[in-house]
Amino acid sequence: MVTKPQLNLSGLARCLIQDNLISEDQAEKAFEASLKKKTPFVTYLVENNLLESLDIALSASRGFGVPIFDLDVIDLDVIPRELVAEKLVRTHHTLPIFKRGNRLFLAVSDPTNHQGLDEIRFSTGLASEAILVEEEKLTKMIEKVMEDQEGSMDELLDADLDNLDISTGDEDQAGDDANLDVDEAPVVRYINKILLDAINQGVSDVHFEPYEHTYRIRYRQDGMLHEVANPPSNLANRLSSRIKVMSRMNIAERRVPQDGRIKMKLSKSRSIDFRVNTCPTLYGEKIVLRILDPTSAQLGIEALGFEEEQRKAFQEAINKPYGMVLVTGPTGSGKTVSLYTALNMLNKPEVNISTAEDPVEIQVAGINQVNTNPKTGLTFAEALRAFLRQDPDIVMVGEIRDLETAEIAVKAAQTGHLVLSTLHTNDAPQTLTRMANMGIPPFNIASSVLLIMAQRLARRLCEHCKAPDDLPKEALLEEGFTESDIASGFTIYKPVGCDLCTNGYKGRVGIFQVMPVSEAMGKIIMEGGTSLQLEEQAENEGVFNLRKSGLRKVMQGITSLKELNRVTKD
């Protein structure tokens with residue numbers, strides 16, 4: 001005689017049998033059928049009209065000593081739906097209904113669904129507590145919540161987007177999480193649209209920012225941030241997960257910052273890289289995508305905004321066989337574009353060019369580019385040492401941050417190599433004293449540095465809508481214009497705003513202080529002179545400081561006085 005294998009019935013099934021709501025044979029058949037269909041046991045009973053939702057809930061309440069909660073009193077707007085992925089909600093037939101502190105309360109029709117509670121606890125990092133509800137009401141509410149999410153995403157899309165060719169910068173960083181179900185069509189299309197719009201509008205970076213009850217997306221255009229979208233806050237996790245999958249990050253890790261890269265191919269000849277960074281905040285992960293367009297470094301030196309004498313001095317310095325050229329300014333002042341413009345001019349088959357950056361922002365054929373990685377010991381200093389063993393002609397170091405890097409760079413400049421690099425100082429004269437303060441002997445500074453260039457980026461006035469701005473002579477003198485400037489006659493313009501620009505501005509222009517290190521300056525450095533003495537000497541030699549260079553741009557009608565005051569605050 002063949003015995004039927006004993007099914008391991010759930011605790012709820014046994015409660016229903018004890019309450020004579022269902023026979024043991026019916027319970028076993030229903031339980032077996034629910035396993036085959038991969039449907040929750042309670043859902044199977046209700047869908048097949050074997051039992052009423054309320055009867056099941058009352059039996060579970062008596063059997064496990066828990067009260068029944070009425071889902072009809074819950075406001076859909078307060079449900080923390082962004083905390084649990086849709087896949088987990090549907091798989092385990094449970095819905096988060098409110099959160100208190102680090103406890104998440106989950107509506108369940110089967111209080112013995114311990115596997116679901118454990119998975120959600122692991123996913124959210126919150127203690128999960130089950131609340132007993134009626135199966136029929138739970139099913140309806142899950143469908144309603146998920147429907148709202150899909151609907152709200154569809155409303156955000158105003159155009160059908162073809163699937164863009166998107167790949168990642170670092171294939172080896174892919175984890176198992178890349179296969180998770182975050183490739184839902186509305187999310188994919190929405191993210192693609194945000195990124196495509198950013199590229200088309202000439203945006204430099206995109207900010208995805210979650211808050212307690214809101215979510216906003218901002219573009220940085222011409223150096224200024226402005227809000228472009230407010231998707232529902234319950235979509236925060238889905239949006240961030242999609243971006244993290246695109247950039248090969250670990251989507252399960254939300255507690256520490258992560259870095260990644262996305263490559264978006266727009267056509268056969270043009271692709272755009274995004275540098276991606278996540279940072280955990282109080283209400284989720286803020287994600288910033290920096291747009292790295294290789295065409296930005298191919299503008300040509302004329303497009304940067306140099307005055308004629310500044311352009312000549314810069315070109316003379318970078319065409320010398322050895323020495324050091326330093327570019328200085330705050331983050332976002334265009335230093336990288338200036339350096340790559342110089343490298344593109346020098347990039348010839350007969351020249352060996354190597355760069356060390358953190359990270360490489362613009363990829364250029366014919367240049368040997370290295371991403372530094374302090375975790376593996378590949379610092380700027382180590383990369384420089386390696387370069388010098390490979391017979392380079394030109395070396396570019398992303399930034400001189402410490403004495404070791406500075407010493408190797410100076411020695412390289414003194415031994416027949418052209419070295420390009422950046423430093424974070426306010427103007428050119430301060431850069432020389434900063435190097436002395438780092439511990440570089442004054443003689444080495446004077447003998448190796450050819451030229452220092454400080455720069456800022458100012459917004460260009462829109463040519464279609466800018467309007468003359470009448471200012472009295474006293475105000476012009478106070479701003480820094482000279483009597484001879486005023487006598488020469490010029491028109492100052494102010495922003496107005498039209499359909500072709502953003503608040504009266506379109507594009508940006510560089511404001512430069514280009515300071516060749518002369519013999520007189522070298523003498524001041526070796527005598528331990530201050531930045532003020534160097535600044536005075538530079539002025540005597542006809543070097544325009546940032547303010548004077550900016551005033552020229554105002555006189556030429558390129559930018560406004562208000563914008564100049566914003567970027568050159570003295």
Side-chain angles (χ1 to χ4, degrees), residues 1-72 74 79 81 83-97 104-124 126 128-150 179-182 184:
M1 183 179 173
V2 179
T3 56
K4 186 179 175 182
Q6 187 71 31
L7 278 176
N8 187 19
L9 291 175
S10 70
L12 178 60
R14 300 197 181 282
C15 274
L16 298 174
I17 294 166
Q18 285 173 8
D19 286 347
N20 296 316
L21 292 173
I22 192 171
S23 70
E24 188 168 351
D25 186 51
Q26 286 176 313
E28 285 181 359
K29 284 178 181 176
F31 194 75
E32 194 170 10
S34 70
L35 290 175
K36 282 181 182 175
K37 285 191 172 184
K38 295 184 178 178
T39 302
F41 175 61
V42 178
T43 305
Y44 182 86
L45 291 175
V46 174
E47 283 181 351
N48 290 276
N49 298 315
L50 295 172
L51 284 175
E52 294 291 329
S53 289
L54 183 57
D55 290 338
I56 297 172
L58 288 170
S59 177
S61 176
R62 286 192 297 270
F64 298 102
V66 291
I68 302 172
F69 185 82
D70 186 3
L71 275 181
D72 289 341
I74 284 287
I79 289 179
R81 54 190 102 184
L83 289 176
V84 181
E86 180 181 346
K87 190 176 180 182
L88 282 177
V89 169
R90 292 194 182 279
T91 301
H92 299 296
H93 202 61
T94 180
L95 185 71
I97 50 176
L104 185 63
F105 294 85
L106 299 159
V108 296
S109 55
D110 181 355
T112 63
N113 183 10
H114 301 302
Q115 183 185 353
L117 294 174
D118 288 343
E119 284 198 29
I120 290 171
R121 184 183 298 117
F122 179 78
S123 171
T124 61
L126 301 169
S128 302
E129 192 164 314
I131 292 180
L132 180 62
V133 298
E134 293 175 51
E135 163 62 24
E136 201 169 354
K137 290 183 178 179
L138 176 60
T139 300
K140 285 179 181 176
M141 183 163 277
I142 287 174
E143 291 307 320
K144 178 66 177 166
V145 168
M146 295 308 153
E147 202 175 283
D148 286 350
Q149 288 195 191
E150 292 298 336
N179 296 319
L180 290 182
D181 186 21
V182 293
E184 305 150 61

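In what follows, every heavy atom counts, from backbone to side chain, and hydrogens, waters and symmetry copies are set aside.
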For this session: Look up atom CD in E136 and atom CD in E52, then write down how far apart they are to the nearest 0.5 Å.
Result: 7.5 Å

Exercise. Should I17 and I22 be marked as a side chain to side chain contact (heavy atoms under 4.5 Å, CB included) after you check the CA-CA gap, both sets of side-chain angles, and the distance that decides it?
Worked result: CA-CA 5 Å; I17 294 166; I22 192 171; 4.2 Å; yes

For this session: Can you see which heavy atom on H114 is nearest to which on P111, and at what distance?
Result: CE1-O, 3.9 Å

Problem set entry | Heavy-atom side-chain contact between H93 and D110 under 4.5 Å | no

For this session: Evaluate the criterion side chain to side chain contact (heavy atoms under 4.5 Å, CB included) for residue pair L132 and F64; output intermediate values, then yes/no.
Result: CA-CA 10 Å; L132 180 62; F64 298 102; over 6 Å; no

Problem set entry | All salt bridge (Lys or Arg N to Asp or Glu O under 4.0 Å) counterparts of E135, not counting sequence neighbours | none

For this session: Check K137 against D70 and note the closest heavy-atom contact, atom names and distance.
Result: NZ-OD1, 2.9 Å

Seminar exercise, completed: Output for pair (S128 OG, I120 CD1), nearest 0.5 Å, gives 6.0 Å

Seminar exercise, completed: Rounding to 0.5 Å, atoms OG (S53) and CG (L58) come to a distance of 10.5 Å

Exercise. Which heavy atom of A107 sits nearest a heavy atom of T94, and at what distance?
Worked result: O-OG1, 3.1 Å

Problem set entry | Minimum heavy-atom distance S61-V66, with the two atoms named | OG-O, 2.5 Å

Exercise. Between V42 and L138, does a side chain to side chain contact (heavy atoms under 4.5 Å, CB included) hold up when you go through it step by step?
Worked result: CA-CA 11 Å; V42 178; L138 176 60; over 6 Å; no

Exercise. Given side chains that start at C-beta, do those of L95 and L71 come closer than 4.5 Å, heavy atoms only?
Worked result: no

For this session: Take I56 and L12, measure what side chain to side chain contact (heavy atoms under 4.5 Å, CB included) needs, and give me the verdict at the end.
Result: CA-CA 9 Å; I56 297 172; L12 178 60; 4.2 Å; yes

For this session: Working to the nearest 0.5 Å, report the span between CD1 of I68 and CZ of R62.
Result: 8.5 Å

Exercise. Do R121 and E129 have side chains that get closer than 4.5 Å, going by heavy atoms?
Worked result: no

For this session: Output the distance between atom CD (E32) and atom OH (Y44), rounded to the nearest 0.5 Å.
Result: 10.0 Å

For this session: Evaluate the side-chain proximity of F41 to T112: yes if any heavy-atom separation is below 4.5 Å, no if none is.
Result: no

Exercise. Can you tell me how far the CG atom of L45 sits from the CG atom of L16, to the nearest 0.5 Å?
Worked result: 6.5 Å

